[in-house]
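Predicted model, so just to flag it, every value in this text is computed and none were measured. Numbered from 1 within each chain, the chains take letters A, B, ... in sequence-line order.
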Amino acid sequence: MVDSHGDLKIGVYVCHCGKNIADVVNVKEVADFSSKLPGVEVAREYLHMCDDVGQEMISNDIRELGLNRVVVAACSPKVHELTFRETLRKAGLNPYLLEIANIREQCSWVHRSDPDGATEKAKGLVKMAVAKARWLMPLETKTVEVTRSALVIGGGIAGIQAALDLADNGYQVYLVEKSPSLGGRMGQWSKVFPTMDCAACILTPKMVSVSQHPKIELLTNSELIEASGSLGNFAVKVRRRPRYVDEDRCTACGICAQKCPVRVPNEIDFGMSSRKAIYMTSPNAVPLAYSIDGENCLYLKRGICRVCERVCEAKAIDFDQKEEVLELRVGSIIVAIGYDPFDPTPLEEYGFGRYKDVITGPMLERMTDPMGPTGGMVLRPSTGKPPRKVAFIQCVGSRDARFNLYCSRVCCMYAIKDSLIIKEQSQGSDVSIFYMDVRAFGKGYEEFYLRSQEAGVKFIRGKVSSIREDPKTHELILRYEDTLMGTALEDSFDLVVLSVGQVPRADTEAISKILGIPRSVDGFLMEAHPKLRPNDAIVDGIYLAGSAQYPKDIPDAVAQASGAAARASIPLSKGQVEVEPLSPLIDEDRCGGCGICIKLCPYGALELEVRGDKEVAKVDEVLCKGCGTCVAACPSGAARLRMFTGEQILSMIRAGAG
Amino acid sequence: MLPMGRIDVMMADDLERAFREKVAKKFGMRKGSMSLAIEEAIREWMKSEEEAKGPEEAKAKPPLEHMEEVAPPSVDFAREIVRASGENINKCIQCGNCVASCPSGRITAYNSRRIIRKASMGYKEEVLKSIDLWLCTTCYTCVERCPRKIDVVNAILTMRNMAVENGWMLEPHKVVSTNLIKTGHAVPIDQATRERRKDLGLGELPPTVHQYDGALFDVQQILKETGFCGLIERAQPQKAASA
Amino acid sequence: MMEGRGEAWFEPRILGFLCNWCSYAAADLAGMSRMEYPPNIRCVRVMCSGRVEPSFVLEALKEGYDGVLIAGCHPPSDCHYQSGNLKARRRYYLLRKLLKELGINPDRVRLEWASASEGQRFAEIVKDFTERLRRLGPNPLRVDRVGAK
Amino acid sequence: MGREYALFLGCLIPNRYPGIEAAARKVLPKIGIGLADMKGASCCPAPGVVKSFSRPAWLAMAARNICIAEEMGLDVLTFCNGCYGTLAEANHSLRGDRALRDLANSNLKEIGKAFKGSVGVRHLAEVLLKEVTPQGIERAVTKPLGLKVAVHYGCHLIKPRVLREWVGSTERPTFLDELTEALGAESVDWEDKMACCGAGGGVRSAVLDVSLRMLNRKLLSAKEAGADFILNVCPFCHLQFDRGQVELQRLYNLQPYDMPVLHYVQALGLAMGYGPHELGVDMNFVRPDRILNKLS
């Protein structure tokens, strides 16, 4: 046993964290109390333990007083455990001889109205940490070789940017995209704010770069189905659905689609147009090849037709393609699965789905696309004629506690952009934007807002309460209060656009489960730290890019993608990662070879091995993730989790009780 | 542009003379002085006519707000509403959805958003003494649509309770309450209905407190116990002006 | 014999076992969001709720804690280690039975789930558990501590 | 078959529109809804007025009424939206909030009652929808109405959404239309269908002209939609629609709308072959001749 009580020299360091801790907890009292605990050689308090002076204080004590255990009472170990381990290491002490007492997140910040109670609790927490410190053992980290490749999930602008950055850095990238083409949501938009350039013009070259990059393997029609391993060495499984068209042979001539007899609603146009069962999502698709939708193809569903096969001169149709599951090994993973537009059907007061001329912002966006359902013209769905009077309703499904409380960040700007497009298309049109607050926070955004005001777009501050359709004229009558005038009003419009926000993509939950990365309350993927690690998922080696994390516009998505790529390349460029000594030690003398642990291990990391005349459990340290379930179940106490041994935990229990 | 309107008038000589003297004194003996003065006189007359118009027309105009008459805000008022109703009115983002949803606000100047605003800013008297507080039909449409999920009706009912506690109550409401205390029914039976009940083969009195004196006594006991009787007695009935 | 209702006002002492990935993160989030809950709980971080041995809980009760909270990731599949939470749940039910047989009110031990985003929920759990234990009265295994505070 | 309920009458049904009470007592048992009188019940009390003045008094009186049903061991049944609003909310609050319950019970102690929380509060529309079902009503109908009906839900039947899961949509509910169509009638779409009648919240008693102006919009809209009559499930809405027409005429010199008003139980009675007089249909201010002529 390591608890050599006789020569224990523990240093306790109580942090003020500026005022964060010291305003509530009497840090001096805690330090005085600590200094009297058995084995404690020195106890100090200081303003910021994590700063240079604070760390220096600890290293000096280690060197001069010969400390062999360190307890830091400060913020959550999730914030600075690594910092202080490094301090220990530099001072020549094994970094695992450190224990953190969390007296900020779990004490001063949550007991602000009870300073006495908080101080008592802080003392208790330090006492428990000191108790555990007595039983800490020096541990060695293992270094593991990294697989120098990365997986990027999602082929929208964020995924594209991340993949290109990583590949340009020289790493092999697997880019997995669910649909038959790259492009994602940005590929659906026509012009982008505030520059009003055409989205395709700036996106397509990037898509082509991906397809031509020697370091990127593009897997379309594919999705992640399984993942295991950890930072530096993930093993993932990707299911690739057949395209039924040979990408290399297809010339994208389109004759197949002309002849295909099956017409289905086109999801790219949100059902405003139709497509064939063999189709391309856009004329700019990458890969530039048709794809057969197995759900609707007559041959695949009912065994008849095969017209496309007959008319294809390039002989590209291949009904023999089968679904395959690819197994890949990667060192890091970037999740860029994007978002879905909010479905406004549940807001019954707006009549979306009931009134033809109530549409969503993304639907309008498709109309403004020259390749879209109306050839680029904004038209009333009910009449096919240009609208004379258009209303935009902001914050539909966003900033609404009934649905999503968060601000979707893009709707103000896209509504302003679309209002300008409508004004350009028809000088005489009357455009109003009903808003609660206009949020024009980005570079050039306020200027853009000003431009639309100058163009005569009316900004009316008030949330529209309901829409009804005049049964005779089919005009839409909006009820609202102009809150700046303080008057309740009714006005009719011939087109109403609901500025819907972004919601987590439908498969976000599935992805979060596969990768074991949690989601925030809003359903988006959660970052490791909201301020300091916005690119990282909570699991090491997994990074977030784009709207999968939170609603973003294009510049933010691209910036975050580059950030994620930079983060993801750190382990790849290091080539080695340190693995924490989390796995259990098996005391072979004690192990009875009962095998209970083997059945419990979720990773198959344990097996029985013959040792002399008996069998004992053996841990595969690469597979083991250190949960400790086996340790908890071991009837003979043979398994010990190095950083959470029974002695450590029991000593904490006893220390906390007294 | 030069004004071109022209009116020729005949008037009493003495009035004409006095008027000319006054004009000369004020504007001097210049050309156009008479026109200036006459125009002013006509404007004044028009304005006074406007003001003397019937209440119907006057109602169409928004009431003038005299900020100097408003009692200073009380910081405790909003806090008290939040405490008593459990409804945090400070969450309001003033979007006006409630006003646009409001059946009352559709036909009157009633503005629930402004009540919430004034309340959260602490204008206690202005809110509690206002007839507006009594224009909500408690239809809950605003509650269903509020993007901040504020139960506006709950907040308004709380403010009404506070108004009554301060003795501000509308006269007809005092009548209804007195009925309730006397009979256990807010709307007690009348002679015509007694006849109809008999006609329909129902008992002359329903099997409610109307038939059971002991039950009525119990109800009165509760109304006393909860302070309702005292509350109604103390209330100074306000005339229910039309909104 | 089951213990009775505590008469005197007292501050229960609670031991918490929090899994690293969900509930410890939830507790940290409660702090970052400056939510408040009573300071009666002392938490021990473990990697997974599946690490918690029933003997830890028994030891805690023997040592005089008035209640023990075990918190992990939401079942079925939030667990960072796939199924540690389910194993914790199985052990928890057995443990409750055992406590009943020992004459200790099984409500002194509580199993809860809080995801990394549920700071609010964590604070509510601690508030509620503290309140319940206060009503339940002191742990009879260490009655001598009653009124100590 | 069938189930018995504690019948909560309230004020307006027995004291102003006894026809609704008579219709209910005749018709409901025929479709499996048994009615037992809640002897000595009082005003619910009215949510618009009493709750506006004193919440503690409102809660204690409601608790007393619920206690009567608890003593009978039956769920409360009401066909007044206001009574439903009060009793359902009070029941929920008293069950869920210990402090409120203790407060109400301390008031009830004097009269020897205590709220236990052992019964539920149901609106007739809910019972018709869930237990009798539109199909069940269709089977009971012998004389399909064949009329155009402007269905009025009334606010407190469906809102606030909390406590009323059975309602489904609060913006566009359909259950009362289904129940109406089961009478062989056509439920017409009318612009102001979901708007408030204008009576609630103490507005009718205190500021009659405002209340009537709200009503006027509804009547106009029902008339425009070509409705033969307005159907409701609440005697206060009923009173507003019926007496309000006369008041509108008097106050604003309007042409009479001549729009008959029926409570659902009365319409159900007509469809099951009862005579208008025994259902009290002819006791309204607005004569029902228009519909009776069409019916015969």
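Using a 4.5 Å heavy-atom threshold, the side chains of B/Thr178 and B/Val175 count as separate. For the pair B/His173 and B/Arg160, the minimum side-chain heavy-atom distance is 4.5 Å or more.
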Open item on the list: Could you walk me through whether B/Arg114 and B/Asp132 satisfy the side chain to side chain contact (heavy atoms under 4.5 Å, CB included) test, starting with their C-alpha distance in whole Å, then the side-chain angles of each, then the deciding distance to 0.1 Å, before giving a yes or no?
Closed with: CA-CA 10 Å; B/Arg114 212 177 288 138; B/Asp132 281 8; over 6 Å; no
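For a residue to count as touching a neighbouring chain, one of its non-hydrogen atoms must lie under 4.5 Å from one of that chain's; by this rule B/Asn111 touches chain A with the side chain only. Heavy atoms closer than 4.5 Å to chain A are found in the backbone of B/Cys102, but not in its side chain. Only the side chain of B/Arg113 comes within less than 4.5 Å of a heavy atom of chain A; its backbone N, CA, C and O stay farther away. Neither the backbone nor the side chain of B/Cys98 comes within less than 4.5 Å of any heavy atom in chain A.
The six-membered or imidazole ring of A/Phe193 lies away from that of A/Tyr414, with a centre-to-centre distance of 6.0 Å or more.
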